[in-house]
Each structure stands twice: as structure tokens, then as C-alpha cells.
Engineer: 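Dropping a structure here in C-alpha cells format, bear with me for questions.
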Amino acid sequence: MPWPRAKIRSVLLSLGAVVSLAGCVAQQGDMCTLSAMDSAVSVVWRPADFQGSGGATLRVCVDGSCEERASGDPSEPIGLASVRLPQDVGARKLPVQLTVTPADGGRAVTHTAQAQLTAEHPNGPDCDPVAWVASFRADPDKGLVSSEGFHFQED
């Protein structure tokens with residue numbers, strides 16, 4: 001026999017009250033979201049910066065692990081290579097090597113830098129995970145430079 005509408009409404013209202021109460025209790029403690037984040041060293045660039053050489057292949061190596069990407073279509077706003085690290089790597093300095101090989105077969109150029117890993121807390125300061133990250137910008141003339149102030153458009 002089907003339940004009467006009044007009984008269904010009563011059950012739904014009771015469940016709603018329980019959910020609301022649980023939300024209030026949860027807000028009294030630390031609220032953590034469920035965002036994931038990997039420890040990594042990332043290198044960003046503007047593909048248009050590498051247009052003069054007909055494009056290039058960018059190879060980023062960190063502590064023995066490497067990622068390689070084409071510089072990309074000059075109409076794209078950003079290129080990215082990210083080398084994942086062990087999640088618990090900690091606040092360390094790691095060597096980073098960028099090798100830029102022109103697509104036209106020109107001579108490859110290698111740049112090196114030290115990455116100082118810093119903690120990122122994507123879900124809040126008291127929530128897991130803690131990711132250890134560093135980032136650089138690939139400049140066709142200067143090599144690895146700070147990514148601070150990186151713009152998608154030409155200056």
C-alpha cells in the first residue's frame with residue numbers, strides 16, 4: 001500500500017532537519033573541502049614567446065624526473081609542464097633543468113635553477129593534503145625566471 005503524501009512530507013521534513021543540524025555541528029569544527037593537489041614543480045610559458053624560432057620543445061627535469069611539451073600554438077595563452085614529486089617531499093630546494101630545443105633543428109639551450117618548495121593547503125590550513133610546490137616561467141632569452149606576475153598576454 002503506498003504511503004500517504006502527508007507521511008512522505010513528514011519524513012522528508014524530518015530528514016531535512018537532521019541534515020541541517022549536522023551542518024551546524026560540522027561548522028563548529030574546521031571545514032575542509034575535498035580539493036586534491038599534487039606536489040610538483042611547474043613551468044609556464046606563453047607559446048607566442050617561442051614563435052620566432054618556429055616553436056620549440058621544452059623539457060623540464062626535477063631531481064631526476066622529467067616532463068616534455070611542445071611550446072604550443074602561438075594563439076594559445078599558456079603552455080605548462082609540471083613534474084610531479086612525492087607528496088611528502090617537504091620544504092626542500094631541488095635542482096630544476098629546462099632544455100629548450102628549437103623545432104627548426106637549432107641548438108638546444110639548457111637553463112638551471114633551484115626550486116624552493118613551499119607548502120600549499122588547497123583545503124584550508126588544518127586540512128589534508130599538503131602539497132609542496134614551486135613554479136617558474138620559461139623565457140626564450142632568460143631561461144627559468146620567476147613566475148610571479150606572469151601574464152597571459154604580451155606586455
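Residues: numbered from 1 along the sequence shown.
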Engineer: Quick check: closest heavy atoms across Leu94 and Val89, and the distance to 0.1 Å?
Structural biologist: CD1-CG2, 4.4 Å
Engineer: Would you name the heavy atoms of Pro129 and Asn123 that are closest together and state the gap between them?
Structural biologist: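 So the minimum-distance heavy-atom pair works out to CD-ND2, 3.1 Å.
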Engineer: Going through the checks in order, is the side chain to side chain contact (heavy atoms under 4.5 Å, CB included) test met by Val44 and Ser135?
Structural biologist: CA-CA 8 Å; Val44 295; Ser135 63; over 6 Å; no
Engineer: Might you point out which heavy atoms bring Trp132 and Ser39 nearest each other, and give the distance in Å?
Structural biologist: N-OG, 2.9 Å
Engineer: Taking all non-hydrogen atoms of both residues into account, name the closest pair between Pro47 and Gly72 and its distance.
Structural biologist: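 Answer, listing the atom of Pro47 first, then Gly72: CB-O, 3.8 Å.
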Engineer: Out of Ile78, Val100, Leu98, Leu58, which residue meets the side chain to side chain contact (heavy atoms under 4.5 Å, CB included) rule with Trp45?
Structural biologist: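 Looking at Ile78, Val100, Leu98, Leu58, the match for Trp45 under the side chain to side chain contact (heavy atoms under 4.5 Å, CB included) is Leu58.
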Engineer: For the backbone of Gly64 and the side chain of Gln97, can you confirm whether one donor and one acceptor N or O come within less than 3.5 Å of each other?
Structural biologist: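 Not confirmed, Gln97 side chain does not pair with Gly64 backbone.
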Engineer: Report the C-alpha separation of Asp63 and Arg92 in whole Å, then their side-chain angles, then the decisive distance to 0.1 Å, and conclude whether the side chain to side chain contact (heavy atoms under 4.5 Å, CB included) test is met.
Structural biologist: CA-CA 11 Å; Asp63 203 29; Arg92 299 175 39 198; 4.2 Å; yes
Engineer: Could you give the distance from NE2 (His111) to CG (Asp141), rounded to the nearest 0.5 Å?
Structural biologist: 8.5 Å
Engineer: Please find the pair of heavy atoms, one from Arg69 and one from Ala81, that lie closest to each other, and give the distance.
Structural biologist: CG-CB, 3.9 Å
Engineer: Within this structure, what is the CG-CE distance for the pair Asp126 and Met31, rounded to the nearest 0.5 Å?
Structural biologist: 13.5 Å
Engineer: Before giving the answer on side chain to side chain contact (heavy atoms under 4.5 Å, CB included), spell out for Arg59 and Thr101 the whole-Å C-alpha distance, their side-chain angles and the decisive distance to 0.1 Å.
Structural biologist: CA-CA 8 Å; Arg59 181 178 175 84; Thr101 305; over 6 Å; no
Engineer: What residues join Val133 in its hydrophobic cluster, counting side-chain heavy atom gaps under 4.5 Å, either direct or through other members?
Structural biologist: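 Answer for Val133: Met37.
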Engineer: Taking side chain to side chain contact (heavy atoms under 4.5 Å, CB included) as the test, write out the residues that go with Ala134, two or more places apart.
Structural biologist: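 By the side chain to side chain contact (heavy atoms under 4.5 Å, CB included) rule, Ala134 matches Val41, Ala115, Leu117.
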Engineer: Please step through side chain to side chain contact (heavy atoms under 4.5 Å, CB included) for the pair His121 and Val130, ending with a clear verdict.
Structural biologist: CA-CA 5 Å; His121 302 268; Val130 175; 3.5 Å; yes
Engineer: List the atom of Glu67, the atom of Ser82, and the distance in Å for their closest heavy-atom pair.
Structural biologist: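 Smallest heavy-atom distance, with atoms named: CG-O, 3.2 Å.
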